[in-house]
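Below is one structure; the comments refer to it alone.
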Amino acid sequence: MASYNGGQALVAALHGHGVDTVFGIPGTHNLTAFAALHEYGIRTVLTRHEQGAGYAADGYARVTGRPGVCLTTSGPAILNAAAAAAQAWSDSVPVLFVSPGLPTDHPGLGNGYLHEVRDQRAAMGSIVAYSHRVGSVAEIPGAVAAAFAAMTGGRPRPVHLEIPLDLLEAAAPVEPMAPVRVPTAVAPAAELDAAARLLAAAERPVLLVGGGAKAAAGPLRALAERLGAPVLTTANGKGVLDEDHPLAVGAGLHQPSARRLAEDADVVLAVGTELAPSDLWTGPYTLTGTLVRIDIDAAAITTNADPHVRLVGDAADTLDALTKRLVSGIGRSSDHYHSQGRERAEAARAALRADAATEGAAWQEILAALAPVVDGSTVIAGDSTMVCYYGALSGLAVHRPAGFLYPTGGGTLGYGLPAAIGAKVAEPASRVIAILGDGGIMFTVAELAAAAQLGLALPVLVVDNGGYGEIRNEMVDRGDPVAAVDLGSVDFAALGRSMGCHGVRIDDPADLTAAVTEAFAADRPTVLWLPAS
Ligand SMILES: Cc1ncc(C[n+]2csc(CCOP(=O)(O)OP(=O)(O)O)c2C)c(N)n1
Ligand SMILES: [Mg+2]
């Protein structure tokens, strides 16, 4: 058996699980791991803050469909990544967070050890699916295999592994462990039959599609086409069906038109969505029809609404199984569905676009200028800013799964830029655009330097309205004093240039089409600053 130190054992196990990229920052306690990354030829993406590393790993995971990895040092470093861990948890994104912990023989009661945190494992364990502290070097391959099994089997959630810092240095015999092959689950036949009968008999079916369907784009389209069912998506499901598809209504379950469509349907099939308040905004739908849900997570299939038929299983396989049943004779000819479905979808899309134009009136020129540069590869990485949730979510069509990276559940500021970096690292040939507010970008603005160092051709739009616009509006609406929301003016173009990016001031949003096109071909990121007028 080969002898490895803990850092090597960790990296060998990551390598064995197909990890080719790790986001993180080195420190005194994790040096053997960074040395091993170099040894194994795993790409190390150095961010400027651990929160950025966590969001980048999240963006990487969303785009590739494989777990992202974030490696930090102990104490404040892993706690810096905690907001990203919470964000990944709330949006069901598989990210492995790895950090050193106090030495194995440390009493853990506070004696001033460097980076000491009273209970780091408990802190992370309260945020992610689970946090595990390994007890020996020999255990590391098994701990990594278990973490990957947890992240890839069932509902994806982040995991934290803590390796006592003395174990990262200590050498011991280590037996590699092959990745666990995770079987996919399909709902039982009787339930599939029941769902297929309901769908076949439906006159006005609607599909509600969430992030849980991201890996099921083909089967989703096939079922939608078979049924002639209009497809509405959440933020995380945006693009699972190309938004140019005749049955695609668009994204934004909160839109009044989306609500009407769902509430008027006689059968609603919800796929991989929590039907979450963070997508619906104004309370649960009052469905008049029958609800069928597909969810990989048995514990989540009744969340926010208990469906008439509960299909617990993998989205792709379950959708396939439904389509097979419909094709093999349950229900009417597909032509009948097709013509009606397209008309319903067309009407619903027009209504949703009208809603989007009203809600996003202030950002229409920006979105119109961006539309021509969005192609089949494009990923929009958005932040929790009005131009994204009142604007791009419903008002800018994307054409691929994971085409819209957005912090739906966590609603965290500072997500967009590092998530864009993770996506661009994952897919260098794809067009990735970051869209941020002047408030949000400052939470992780240091990552402009990381993106510049990586030479990423990344347009970074900063839509500046002089502060925390959403919060300012809320204060005004409530009649509260307007305070603590105005941010002094920053020249974001100059800021970008100072960090090694191009920086361009955009006074007319119409200029964005050319500016973004140029940014896609540049040798570095381009900050496109739309100043407050
Ligand atoms: C980490 C974090 N801190 C605070 C908030 C609360 N918050 C929500 S929106 C917002 C304002 C964001 O400003 P900006 O990014 O400029 O977008 P705008 O609202 O102006 O469009 C704030 C402070 C948050 N969502 N996340
Ligand atoms: Mg703002």
Side-chain angles (χ1 to χ4, degrees), residues 47 49-56 58-59 79-91 93 127 235 252 254 276-279 281 356 359-367 370 380-396 404-420 433-448 460-478 480-493 495-496 505-506 509 527-533:
T47 57
H49 188 282
E50 290 85 358
Q51 188 175 141
Y55 293 141
D58 172 311
L79 294 182
N80 276 345
Q87 176 55 55
W89 186 85
S90 67
D91 280 350
V93 181
I127 291 169
H254 68 284
S278 51
D279 275 302
W281 299 13
E359 178 187 51
W363 302 279
Q364 280 313 295
E365 289 173 80
I366 295 173
L367 299 173
L370 289 177
I380 306 289
D383 210 58
S384 196
T385 175
M386 294 191 283
V387 63
C388 290
Y389 50 79
Y390 298 145
L393 170 59
S394 298
L396 182 61
F404 189 62
L405 310 183
Y406 179 72
T408 308
T412 183
L413 293 170
Y415 174 82
L417 172 60
I433 308 173
I435 306 183
L436 305 112
D438 56 314
I441 191 174
M442 290 307 235
F443 284 63
T444 47
V445 75
E447 305 312 345
L448 285 175
V460 179
L461 260 65
V462 183
V463 181
D464 188 349
N465 56 9
Y468 297 143
E470 168 72 21
I471 307 303
R472 186 195 290 132
N473 291 348
E474 285 182 33
M475 288 169 172
V476 169
D477 288 349
R478 290 160 55 97
D480 290 349
V482 174
V485 288
D486 291 332
L487 303 171
S489 75
V490 171
D491 181 338
F492 287 99
L495 177 65
R505 178 187 164 120
I506 303 280
V527 176
L528 299 163
W529 174 41
L530 291 100
S533 44

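One-based numbering, in listed order, for ligands and for the atoms of each. These values consider heavy atoms only, across backbone and side chains, with no hydrogens, waters or symmetry-generated copies.
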Identity and separation of the nearest protein heavy atom to [atom]:
| atom | result |
| --- | --- |
| atom 19 (O) of ligand 1 | Glu470 N, 2.9 Å |
| atom 13 (O) of ligand 1 | Tyr468 CD2, 3.3 Å |
| atom 3 (N) of ligand 1 | Phe443 CE2, 3.8 Å |
| atom 15 (O) of ligand 1 | Gly440 N, 2.7 Å |
| atom 14 (P) of ligand 1 | Gly439 N, 3.5 Å |
| atom 5 (C) of ligand 1 | Leu413 CD1, 3.7 Å |

Short list, please: which atoms of ligand 1 are under 4.0 Å from a heavy atom of [X]?
| X | result |
| --- | --- |
| Thr412 | 1 (C), 26 (N) |
| Gly411 | 24 (C), 25 (N), 26 (N) |
| Gly469 | 18 (P), 19 (O), 20 (O) |
| Asp438 | 16 (O) |

Practice prompt. Kindly give the heavy-atom pair with the smallest separation between Met475 and Val482, and that separation in Å.
Written response: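 The pair with the smallest heavy-atom distance is SD-CA, 4.0 Å.
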
Discussion item. Is the contact between Asn465 and ligand 1 made by the side chain, the backbone, both, or neither, using heavy atoms and a 4.0 Å cut-off?
Written reply: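 Answer for Asn465: side chain.
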
Practice prompt. Pick one of side chain, backbone, both or neither for how Ile471 approaches ligand 1, counting any non-hydrogen atom pair under 4.0 Å.
Written response: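 The answer is the side chain.
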
Under 3.5 Å, is there a donor-acceptor pair linking the side chains of [X] and [Y]?
| X | Y | value |
| --- | --- | --- |
| Asp58 | Tyr415 | yes |
| Trp529 | Asp491 | no |
| Glu470 | Tyr390 | yes |
| Tyr55 | Thr412 | yes |

Worksheet item: Just wondering, is there an N, O or S atom on Gly439 that's nearer than 2.8 Å to the Mg ion (ligand 2)?
Response: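 Of the N, O and S atoms in Gly439, none lies under 2.8 Å from the Mg ion (ligand 2), which means no.
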
Worksheet item: Hey, is the Mg ion (ligand 2) within less than 2.8 Å of some N/O/S atom on Asn465?
Response: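 Short answer: yes, at least one N, O or S atom is under the cut-off.
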
Worksheet entry | Derivation of the side-chain contact (heavy atoms from CB on, under 4.5 Å) call for Leu436 and Val463 | CA-CA 6 Å; Leu436 305 112; Val463 181; over 6 Å; no

Discussion item. Is there a side-chain contact (heavy atoms from CB on, under 4.5 Å) between Val460 and Ile441? Walk through the geometry before answering.
Written reply: CA-CA 10 Å; Val460 179; Ile441 191 174; 4.2 Å; yes

Keeping [X] on the side-chain end and [Y] on the backbone end, is there a donor-acceptor pair under 3.5 Å?
| X | Y | answer |
| --- | --- | --- |
| Arg478 | Asn473 | no |
| Asp91 | Val93 | no |
| Asp383 | Gly414 | yes |

Worksheet item: Touching ligand 1 at all, Gly467? Heavy atoms, strictly under 4.0 Å?
Response: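 Contact present.
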
Less than 3.5 Å between some nitrogen or oxygen of [X] and one of ligand 1, yes or no?
| X | result |
| --- | --- |
| Ser384 | no |
| Thr385 | yes |
| Met386 | yes |

Item to complete: Report the distance from atom CZ of Phe443 to atom OG of Ser384, rounding to the nearest 0.5 Å.
Response: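 One gets 10.0 Å once the value is rounded to the nearest 0.5 Å.
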
Item to complete: Would you indicate whether Glu365, at its atom CD, is surrounded by more than 12 heavy atoms from other residues, nucleotides or ligands within a distance under 6.0 Å?
Response: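 It does not: Glu365 CD has 12 such atoms or fewer within range.
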
Fill in: Closest Asp438 atom to the Mg ion (ligand 2) [N, O or S only]
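For Asp438, the N/O/S atom sitting closest to the Mg ion (ligand 2) is OD1.
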
